[in-house]
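Values below: every heavy atom of this structure, side chains too, minus hydrogens, waters and symmetry copies. Numbered from 1 within each chain, the chains take letters A, B, ... in sequence-line order.
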Amino acid sequence: MKLPFAILASILLFIVLAALPSAQPQIPAARDVVSPAAYASLEPAARGTSFQLAVVMKIRNGFHVNAHQASADYLIPTTVTPELPIGFKAGEIIYPRGELHTFTFTKIPLNVYQDKVVLRIPLTAQSDAPTGTLHIPLKLRYQACNNEVCLPPVKVDVDATVTVAANSAAVRPAHPELFPAH
Amino acid sequence: MKKTALIAIAAIVVIVLAAHYADKATRLSVSGGSFKKADNTQPGKPAPDFTLKDLDGKNVNLSQYKGKVVLVNFWATWCDPCRVEIPWLIEMQQKYSAKGFTVLGVAMDEEGKSVVAPFVQKEQFEIDGGGKSLMNYPIVIGNEQVVDKFGGLFGYPTSVLISRDGKQIKRITGLISYDEIAQAIESQL
């Protein structure tokens, strides 16, 4: 006896679908909530010049992270920490203020970052800074939630590439859209 | 005709399998970084046993609650939705503990007891009907191994309702619905 092809195909498809567990909400891993990237305000910078690094955090739609100035002591703030090579000095990191938003799980608005935010790290390349292209490792720490669940805090490595020239004649501004007042 | 249908079916199978494996890959670990392959919690599946330390440093096994209905609640002190549901859990503990129910809070803070103990000892929660209360249910310090035993978590809070005979009845990721979970508890008592 020969079953029609369409029936056989339907049975096969039904078996495959039935064997799979029911669909669950898609929640990314904490480190996939933010896509970070770092840019220098001068390319190249030079020994003896001050410049900035911008850490751009692109935050996944539907998620937020606590702002650096978090709304409560118990909340984990966003921080960025540079691991500076010899010959560099960092100033006080400039964090954006954040925005107050109310979520389904809280009546009090929380100060959070959403969508895209830029953190800025003022740097000075000192007279003994190495010349050429170098990498400054940054540690970005954040804790993300959506409207229903929170993800554990994570520390993400971000690589900032900086080029240092021997004298300031070579210095060129870069990424003006990220450094409007620089 | 036959060939087209076969290609269409193959494409559907590939899409369904890809969705399945993407789902498994998005389970989080305690560290939040590495992915965990995990089984879904199926209603009726036996709850995994575990041994964790309570805030006095004593071992607590899930199996020691056999005979009780247990709501295992994965939470953290930094988690706002977890804090929102704590008063509800306090109320459930008050309401149902005499009937053979307990909440078991599994605290997932990286710093462990050093942050969880002061929180549990000092933090007062306003409960429905007036008054404030400390957390009135047992708290243990969780770890990645226990999360793995439960098949990984999507986020915090996560609550797993376990029947008197140690079977997983219901799993809720995110803020619980008080009425829904109360109804589920009552159905087991």
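Nearest heavy-atom pair, B/D80 versus A/C150, reported as atom, atom and distance to 0.1 Å: N-SG, 4.3 Å. Here the shortest heavy-atom pairing between A/P152 and B/W78 reads CA-CH2, 3.6 Å. Closest approach of A/E148 to B/P157, counting heavy atoms only: O-CD, 4.4 Å. Minimum interatomic distance between B/T77 and A/Y74 (heavy atoms only, all atoms of both residues): O-CD1, 3.5 Å.
By the neighbour-count criterion of 12 heavy atoms within 6.0 Å, atom CD of B/E123 is densely surrounded, having more than that number from other residues, nucleotides or ligands. By the 6.0 Å contact criterion, CD on B/Q64 is enclosed, its count of non-hydrogen atoms from other residues, nucleotides or ligands being greater than 12. Other residues, nucleotides and ligands contribute only 12 or fewer heavy atoms inside 6.0 Å of the CG atom of A/N61. Other residues, nucleotides and ligands place more than 12 heavy atoms under 6.0 Å from the CD atom of B/E111. Around the CD atom of A/E177, the shell of radius 6.0 Å holds more than 12 heavy atoms that belong to other residues, nucleotides or ligands.
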message: Using the rule given for salt bridge (Lys or Arg N to Asp or Glu O under 4.0 Å), can you reason through A/K155 versus B/E110, listing the C-alpha separation, both sets of side-chain angles and the distance that settles it, and then say yes or no?
response: CA-CA 13 Å; A/K155 270 186 189 166; B/E110 282 173 3; over 6 Å; no
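There is a path of hydrophobic side-chain contacts, each under 4.5 Å, that joins B/I176 to B/L189.
From A/L151, atom CG reaches atom CZ of B/F154 across 11.5 Å, with rounding to the nearest 0.5 Å.
No other option in B/P81, B/G174, B/C82 has as many heavy-atom pairs under 4.5 Å with chain A as B/P81.
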